[in-house]
**Q** 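My questions will all concern the structure given below.
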Protein chains: 2
Amino acid sequence: MRPPIPEGNLAQPVILRLNSLRSLSKLGIAFLQQAILEGLQRAGPDEDIASEGDPVESIRIILSGWLCRYKTLEDGRRQIVNFVLPGDTCDACVYLLTMMDHSIGALTPVVYADIKRAAFEKLLASDRSIAEAFWCETMVSSTIQREWTVNIGRRVALERVAHLLCELHDRLYPVGMVDDGSCSFPVTQMDLADATGLSAVHVNRTLQELRGSGLITLRDRLLTIHDLKALQDTAMFTPHYLHTKRHG
Amino acid sequence: MRPPIPEGNLAQPVILRLNSLRSLSKLGIAFLQQAILEGLQRAGPDEDIASEGDPVESIRIILSGWLCRYKTLEDGRRQIVNFVLPGDTCDACVYLLTMMDHSIGALTPVVYADIKRAAFEKLLASDRSIAEAFWCETMVSSTIQREWTVNIGRRVALERVAHLLCELHDRLYPVGMVDDGSCSFPVTQMDLADATGLSAVHVNRTLQELRGSGLITLRDRLLTIHDLKALQDTAMFTPHYLHTKRHG
DNA sequence: CGCTGTTTTGATCGGGATCAAATCATGTGG
DNA sequence: CCACATGATTTGATCCCGATCAAAACAGCG
């Protein structure tokens with residue numbers, strides 16, 4: 001049996017994430033925490049928490065673990081269209097589109113809050129800052145998607161992989177998951193390939209190049225960025241599109 | 001001087017578009033039409049109606065003409081991340097993100113309605129079906145973006161171009177801009193290249209291949225799809241992601 | 001310990017980029 | 001009406017980035 005989930009600071013990444021987009025009110029945070037604790041769920045690695053074609057009935061807020069959104073073609077080709085990190089929300093669009101047009105799979109063990117449509121509507125209605133933060137988060141996930149299109153469409157392999165690492169760094173930072181340039185990185189080279197539109201073999205060689213020039217270390221699912229500025233330069237990375245509030 | 005804009009059925013594509021996502025109420029349509037007629041604007045071909053870095057102060061609803069959203073890298077490489085067609089809305093996210101993270105350029109002469117933030121909020125508050133339709137439209141533009149990522153990341157050139165043509169067909173159809181398989185297609189091969197992540201030369205050769213197999217005709221800015229089913233098959237196109245209501 | 005999945009290396013192949021120039025419009029002004 | 005400039009499409013030739021194929025090395029892990 002799975003051990004019970006410790007409820008201590010479970011909601012922390014969500015609060016940090018939403019707060020990096022909109023300043024949340026004390027009251028809003030309280031409502032949010034309550035809604036989260038009422039719907040705790042977990043999923044194993046390699047498990048899909050939603051699949052293409054599924055009806056959309058609830059939203060899911062990721063408390064810990066990594067997932068990816070992906071689509072597959074008939075012949076098996078797979079494209080990861082985004083990663084879902086702690087604090088991120090899946091499908092706040094629950095109101096609008098009735099059916100999943102892509103799948104969401106866990107890369108690691110995941111703890112998330114499953115909030116039914118009605119409860120989520122109630123939460124949004126309860127506090128304006130919360131509602132705006134969620135909508136904002138939805139819009140940012142769409143700006144990220146645009147940047148991915150640019151990345152895959154117009155950057156060469158080295159730039160492309162570097163760009164992805166820069167983005168993930170800048171998304172993990174506000175939720176406190178970067179420690180002195182290092183973060184957990186539970187993404188296989190095959191996943192990386194499917195996310196960048198490259199082959200796994202070429203991702204391997206690209207990573208070696210990034211290692212070789214001293215920009216990163218990536219070993220045992222731990223990524224360390226030694227020279228963020230240089231990595232951003234090789235990627236032509238500018239973080240505007242993440243719309244993260246600057247504090248400190 | 002530019003001739004005055006005839007106000008007759010100007011809002012028609014917008015109504016058709018939104019109605020293809022949510023059934024609009026009579027009252028909502030009336031409010032919508034009024035808001036549109038109060039903010040008429042036009043833009044010339046090759047003119048940007050919004051640029052990366054601009055503050056976002058109003059939304060724009062396209063009444064006629066084609067535009068594209070694009071981003072450029074420092075060294076000039078350009079990626080078109082989406083096309084904006086008659087009936088489409090730009091940036092209903094006006095509430096949320098304060099700055100454009102991409103540019104929007106006109107491919108043809110364009111007539112659009114520029115609606116200030118306050119007026120748009122009033123419109124949304126005036127009718128629930130209108131508000132839902134706009135949010136829905138925003139979400140669909142995000143699902144389209146995901147599909148573009150897949151298209152560029154995992155499809156080969158022929159499939160990629162075919163897929164884009166299929167998508168544009170299915171988006172133009174509900175707004176009445178497809179006539180017996182034919183539609184206006186004011187997109188140069190260079191634009192097509194920047195939209196698919198290919199080079200212009202290769203787009204040219206790919207189009208020849210599609211012509212050669214009898215699937216399409218594309219001449220003088222007029223696209224005719226002779227065998228939609230076959231085109232969809234070569235593209236592995238499934239229209240779910242457009243979330244268009246089926247009627248007839 | 002063998003099984004399974006991930007990373008790494010090596011060798012070859014090919015799709016699409018790039019370069020260069022010709023052809024074909026459109027439009028503009030003399 | 002012609003001369004010319006500008007931009008789009010087309011064709012041809014060559015090159016290279018990254019795919020593909022195959023196998024080895026290197027993990028965990030039950």
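By convention in this document, chain letters (A, B, ...) are assigned in the order of the sequence lines, proteins followed by strands, and residues within each chain are numbered from 1.
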**Q** Assuming nearest nucleotide by heavy-atom distance, tell me which of Asp220(A) and Val187(B) is located more 5' along DNA chain D.
**A** Val187(B)
**Q** Is the distance from OP1 or OP2 of dT8(C) to the nearest side-chain N or O of Arg211(A) less than 4.0 Å?
**A** yes
**Q** Rounding to an integer number of Å, can you tell me how far Gln189(B) CD sits from dG16(C) C1'?
**A** 15 Å
**Q** Quick check on DNA chain C: between Arg154(A) and Met190(A), whose nearest nucleotide comes earlier from the 5' end?
**A** Met190(A)
**Q** Using whole Å, report how far CG of Asp191(A) lies from P of dT7(C).
**A** 8 Å
**Q** On the six-membered ring of Tyr70(B), is Arg78(B) placed so that its NZ or CZ lies under 6.0 angstrom from the centre and within 45° of the ring axis?
**A** yes
**Q** Could you state the atom-to-atom distance from CG of Leu192(B) to P of dA8(D) in whole Å?
**A** 13 Å
**Q** Given side chains that start at C-beta, do those of Arg77(A) and Glu159(B) come closer than 4.5 Å, heavy atoms only?
**A** yes
**Q** When you measure from every atom of DNA chain C, which of residues 70-78 of chain B have a heavy atom less than 4.0 Å away?
**A** none
**Q** What is the distance, to the nearest angstrom, from the CZ atom on Arg219(B) to the C1' atom on dT9(D)?
**A** 13 Å
**Q** Which nucleotide in the list dG12(D), dT7(C), dT20(D) gets nearest to the side chain of Val201(B)?
**A** dG12(D)
**Q** With no hydrogens and no angle check, is any side-chain donor or acceptor of Arg42(A) less than 3.5 Å from a backbone partner on Val110(A)?
**A** no
**Q** Nearest of dG18(D), dT10(D), dG12(D) to any side-chain atom of Arg205(B)?
**A** dG12(D)
**Q** Separation of Leu207(B) atom CG from dT11(D) atom C1', in whole Å?
**A** 15 Å
**Q** Gln208(A) CD to dC17(D) P: how many Å, rounded?
**A** 17 Å
**Q** Report the nucleotide, chosen from dG12(D), dT9(D), dT8(C), that has the shortest atom-to-atom distance to any side-chain atom of Thr188(B).
**A** dT9(D)
**Q** Give a yes or no answer on whether the side chain of Arg146(B) reaches the backbone of Lys71(A) with a donor-acceptor pair at less than 3.5 Å.
**A** no
**Q** Judged by each residue's nearest nucleotide on DNA chain C, which is more toward the 5′ side, Asn204(A) or Leu158(B)?
**A** Asn204(A)
**Q** Who passes side-chain hydrogen bond (donor to acceptor under 3.5 Å, both in side chains) against Asp54(A), sequence neighbours left out?
**A** none
**Q** When the distance from CD of Glu209(A) to P of dG18(D) is rounded to whole Å, what number comes out?
**A** 9 Å
**Q** Nearest-Å distance, CZ (Arg155(B)) to P (dG15(C))?
**A** 18 Å
**Q** Is Arg69(A) paired with Glu52(A) through a side-chain N to carboxylate O contact shorter than 4.0 Å?
**A** no
**Q** Tell me the closest heavy-atom pair linking Leu165(A) and Ile225(A), and the distance in Å.
**A** O-CD1, 4.3 Å
**Q** Classify Arg160(B) by what it touches in the nucleic acid, base, sugar-phosphate, or nothing, heavy-atom distance under 4.0 Å.
**A** nothing
